[in-house]
Enquirer: 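This structure is in structure tokens; I'll ask about it shortly.
Predicted, not measured: the structure shown is a model, and the values here were computed from it. The figures here come from the full heavy-atom set of this structure, side chains too, leaving out hydrogens, waters and symmetry mates.
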Amino acid sequence: MTKLAPQYDPSAIETAIYRRWEDAGVFGADVRSEREPYVIVIPPPNVTAVLHSGHGLNNTLQDVLIRFERMRGREALWLPGTDHAGIATQNMVERALREDEGKTRQDLGREAFLERVWEHVNRTGGTILEQLRAIGCSCDWSRTRFTLDEKYSLAVRRVFVDLHEQGLIYRGQRVIHWCPRCRTSLSDEEAEFVDRDDHLYYIRYRLIDGEKGNGDSTNWVTVATTRPETMFGDVCLVYHPEDERFQEFHNATVEIPLSEVRRPIRTSTVVERDFGTGLLKVTPAHDANDFDIADSLGGFERPVTMDEDARMLDDPRVPEELRGLDRFEAREKILKLLDTAGQLERVDPYSHAVRQCYRCQTIVEPRLSDQWFVKMRPLAEPALKAYREGRLRFVPERWGKVYEHWLMQIRDWNISRQLWWGHRIPAWYCEQCDHITVTMDEPASCEGCGGTVRQDEDVLDTWFSSWLWPFATFAFSKSLGNGIDPLEVVERYGSDAFRFTIVAGAAAGTDMIMDRNDLDGTFAAGRNFANKLWNVGRLILANIGNGSAPDTIDPAHLELADRWILSRCQRTITAITDELQRFRLNDAANEIYHFVWDDLADWYIEQVKPRLYGSADGGDTARAVLRYVFEASLRLLHPIMPFITEQLWESLPGQRDALLAAASWPCASDPLEDEEAEHRFARVQSLVGAVRAVRAEYGVAPGKMVTARVQPASTDALEAFNAEQHTIERLAKIEALSMDGGETDGIGAHQVLPDGSTVFVPLGDAIDVAKECQRLTGELQRLEKQLAGVKSKLDNENFVNRAPGDVVEREREKERSWQEQREALAAKLRVLGC
RNA sequence: GGGUGGUUAGCUCAGUUGGUUAGAGCGCCGGUCUCACAUACCGGAGGUCGGCGGUUCGAAUCCGCCACCGCCCACCA
């Protein structure tokens, strides 16, 4: 048996313990096992990611569940892995390349660039997996996956080809979100909204008198837009067909400002009459809505007026002085030119949300381009159905609505990215005909005409390779106060302290707010609890002997306190099992906390000391009960605090199960539940508490013994006090507790217990009678108030008639008990002459 | 604008289907280095449960309105 230090030092044991788990292979799942499987599938973290607080929280919660299920005998599998994080990783390498060598990826070429990325990933990647070990996650590391592994890539291609064959993947020309800095398209999810204080510009378009054909401008129409720089891509203006203000302009022609391009005025019901001027410019290549409008009107071209860097294109439609300008520079210049020409009517402040790249925060440019898409509706339908039929459930339930709403408004998913780092799209274009060959492996020639083929340059969205993602992102909704670094916490307080604190503090479905400047305060609960458990363990290990404790407990020798702790233990097992099953991890954490600290450490261990140290008989029974309760506690606590419990488990003499991580979950034993013992021990606790309170009140020196006399309110109380007389005397520092019903009057401190029993502590000169009167009178007033409340309830016929019988009975019981207390108090006051 | 969650002790939060004397941790006050633990022990103070109204015998809990705070969605040019 190892000698344990008085203070728990997590850093001294955690690494070794984790290695022991790995060496023993306890995290490995046997897929051929007949046991019920329990698998957690989560979106993998980025290969280059560093563990942040959100990871720390989510992965801890998952680990608690998976360890619990593993101990319950299910075949628990946690598949760890990382994804290649296309944009993020490529950006990192590109930045380094630019800063170190002043080169771009194009300078290197695709192949050499990819070599660099692999180098980077091999050097720095996978850190997060190490960090998951540090917080104790019990992943099956033999199955670690990376989304660019050969086998995995094959599977990704297969999914692509299959979905294409089913018509669920198609190539189309659409307006997508384009990041001009990353030079790639983005999905709806990757282009996030940010609020912006912007402007709404009112721009005059010159009306052309078509019939006269002389181009004279006598009239304007005014269009409101936030993006004047897109106007060279306008194909028409539209107003609402029922908007009378514009009827006269039906089929009129306007001239795009600063250019000579002429466009018609048309109608569309999409137009919001109250917004702006009621007249909308339609730019199909640079706005997704406009694309739809133009599409429904039909017959329009879709002029793209910016290049991939969002600079104004060198195109006849674009005025010469604007060509090559960045879109925002162009906007400023356009506004100046319009103003000069008298065509900028007005500028209003306008705040709205704009999409930006989730990686580099660059404002996204809607842009017409050829991309691959996944049809989401056919995929969303079954998911919706599963939810609506109750086959898919959410904890907490309200997330179901979010999920439903999300699925209902989902649009087709753009899955091609103009990057190099990722799964290259398995599509080959013919150089002779327009056939596209989609197949797992490179075809020798075009399926259509036998011509030479060339593979698509683009790669797939990283999320496509974590295919489950669109339907799995809602699994956990959760964040931990920003700025908390889990690893710093683990280093300072230990993994168990981190885990316990966040599990106990994180109720299902709510976020946690933690103060990064007060890590000591925040994580004290976990650290202190670990230390408490450690010391409970030290005491028990030092006293239960070397395997001499009997395996079975002889019921005949059990004392009241033994029966009490055994009963409490059963209830705790039942409660925690239930709470973990219902994902109420915080309740489970608090439950075991109070059992270990309050019941076991503060009461049972204190009670049992005389037996342990040989000053009382029954040492074997005490040791057996201690061991039983302690083992159960370690098992119950293991999912939440795996390291310290494993260490203590290993230190137990004669341990049969090699590792706690692989041990079984405790099972409550009905015969050990003992309501009578719980009631009686509670009486003992209240008596000890009452005497302690008196001592504190009168400043009795901690070491000084007092005498005390108790008048039990019932034979049950008497039996309880009798059974634990020595415990009461020892814990309350009473030299002789008498309960013979003798004289309890006199000058001293008086207490009335909840069950009506009274206590008298003669303190002689130390007693300030006036003060004692005041205290007891206060007590009496409190009781009177409570009694008045319960009386008015019971006097209310409606209550007595309508409330359930047991509720009424409970109120009667209260009244009885409070009356007893009141009478006892009143008697005390009389004695003191108050 | 639509939806949704929240508002409980100084701080961070529990409070499960309406019936407790409304709880925990930290912090605070007083006392102890008592032979497992001062990361501890013992005792204690502190809350009109955001506001108003309603349902009910009974509301922190259910309903309505209001006030703040948060998240999601649409952000219509």
Enquirer: Provide, to the nearest angstrom, the distance between the CG atom belonging to A:Leu600 and the C1' atom belonging to B:C37.
Expert: 13 Å
Enquirer: Verify the ring-centre separation between A:Phe500 and A:Tyr593: is it less than 6.0 angstrom?
Expert: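 Yes, ring centres under 6.0 Å apart.
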Enquirer: Distance check, C1' atoms only: B:U56 and B:C63, in whole angstrom units.
Expert: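 About 12 Å, rounded to a whole number of Å.
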Enquirer: Where the side chain of A:Val807 is defined as all heavy atoms beyond and including C-beta, which of B:A36, B:G19, B:U39 is the nearest nucleotide?
Expert: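 Nearest listed nucleotide: B:G19.
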Enquirer: For B:U7, which nucleotide is its Watson-Crick or G-U wobble mate, given both distances must be under 3.5 Å?
Expert: B:A67
Enquirer: Can you figure out which of B:C75, B:U21, B:A36 approaches the side chain of A:Tyr613 most closely?
Expert: B:A36
Enquirer: From CH2 of A:Trp597 over to C1' of B:A38, roughly how many Å is that when rounded to an integer?
Expert: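 To the nearest whole Å, that distance equals 11 Å.
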Enquirer: Give a yes-or-no answer on whether the side chains of A:Tyr205 and A:Asp234 include a donor-acceptor pair shorter than 3.5 Å.
Expert: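 Judged by distance alone, the side chains do pair up.
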Enquirer: Does the separation of the ring centres of A:Phe595 and A:Phe529 fall below 6.0 angstrom?
Expert: no
Enquirer: A:Asn535 side chain: which of B:U39, B:C37, B:U16 is closest?
Expert: B:C37
Enquirer: Please determine if a side-chain N or O atom of A:Tyr201 lies less than 4.0 Å away from the OP1 or OP2 oxygen of B:A77.
Expert: no
Enquirer: Could you tell me the Watson-Crick or G-U partner of B:A40, where both distances fall under 3.5 Å? Say none if there is no partner.
Expert: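 Because both required distances fall under 3.5 Å, B:A40 counts as paired with B:U32.
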Enquirer: Within the structure, does a side-chain N or O atom of A:Arg273 lie under 4.0 Å from either OP1 or OP2 of B:A77?
Expert: no
Enquirer: For A:Glu820 and A:Ser817, does a side-chain donor sit closer than 3.5 Å to a side-chain acceptor?
Expert: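 Checked: A:Glu820/A:Ser817 side chains show no N/O donor-acceptor pair below 3.5 Å.
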Enquirer: Tell me: CG of A:Asn586 to P of B:A24, nearest whole Å?
Expert: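 So the CG-P distance, A:Asn586 to B:A24, works out to 16 Å.
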Enquirer: So A:Trp818, base contact, sugar-phosphate only, or nothing? Heavy-atom distance under 4.0 Å.
Expert: base
Enquirer: I need the CG-C1' distance between A:Asp587 and B:G23, as an integer number of Å.
Expert: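 The answer, rounded to whole Å, is 12 Å.
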Enquirer: Does a distance-only test, which skips hydrogens and angles, find a donor-acceptor pair under 3.5 Å between the side chain of A:Glu606 and the base of B:A36?
Expert: yes
Enquirer: B:A40, OP1 or OP2 - any side-chain N/O from A:Tyr8 closer than 4.0 Å?
Expert: no
Enquirer: Which nucleotide in the set B:C75, B:G15, B:G19 lies at the smallest distance from any side-chain heavy atom of A:Arg584?
Expert: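 Closest nucleotide to the A:Arg584 side chain: B:G15.
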Enquirer: Select one nucleotide: of B:U16, B:G43, B:U20, the one nearest the side-chain heavy atoms of A:Ala693.
Expert: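 Comparing B:U16, B:G43, B:U20 against the side chain of A:Ala693, the answer is B:G43.
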Enquirer: Base, sugar-phosphate, or nothing for A:Ala525, non-hydrogen atoms under 4.0 angstrom?
Expert: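 Sugar-phosphate, backbone atoms only, no base.
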Enquirer: Take atom CG of A:Asn796 and atom C1' of B:G19, then tell me their distance rounded to the nearest Å.
Expert: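 These atoms are roughly 13 Å apart.
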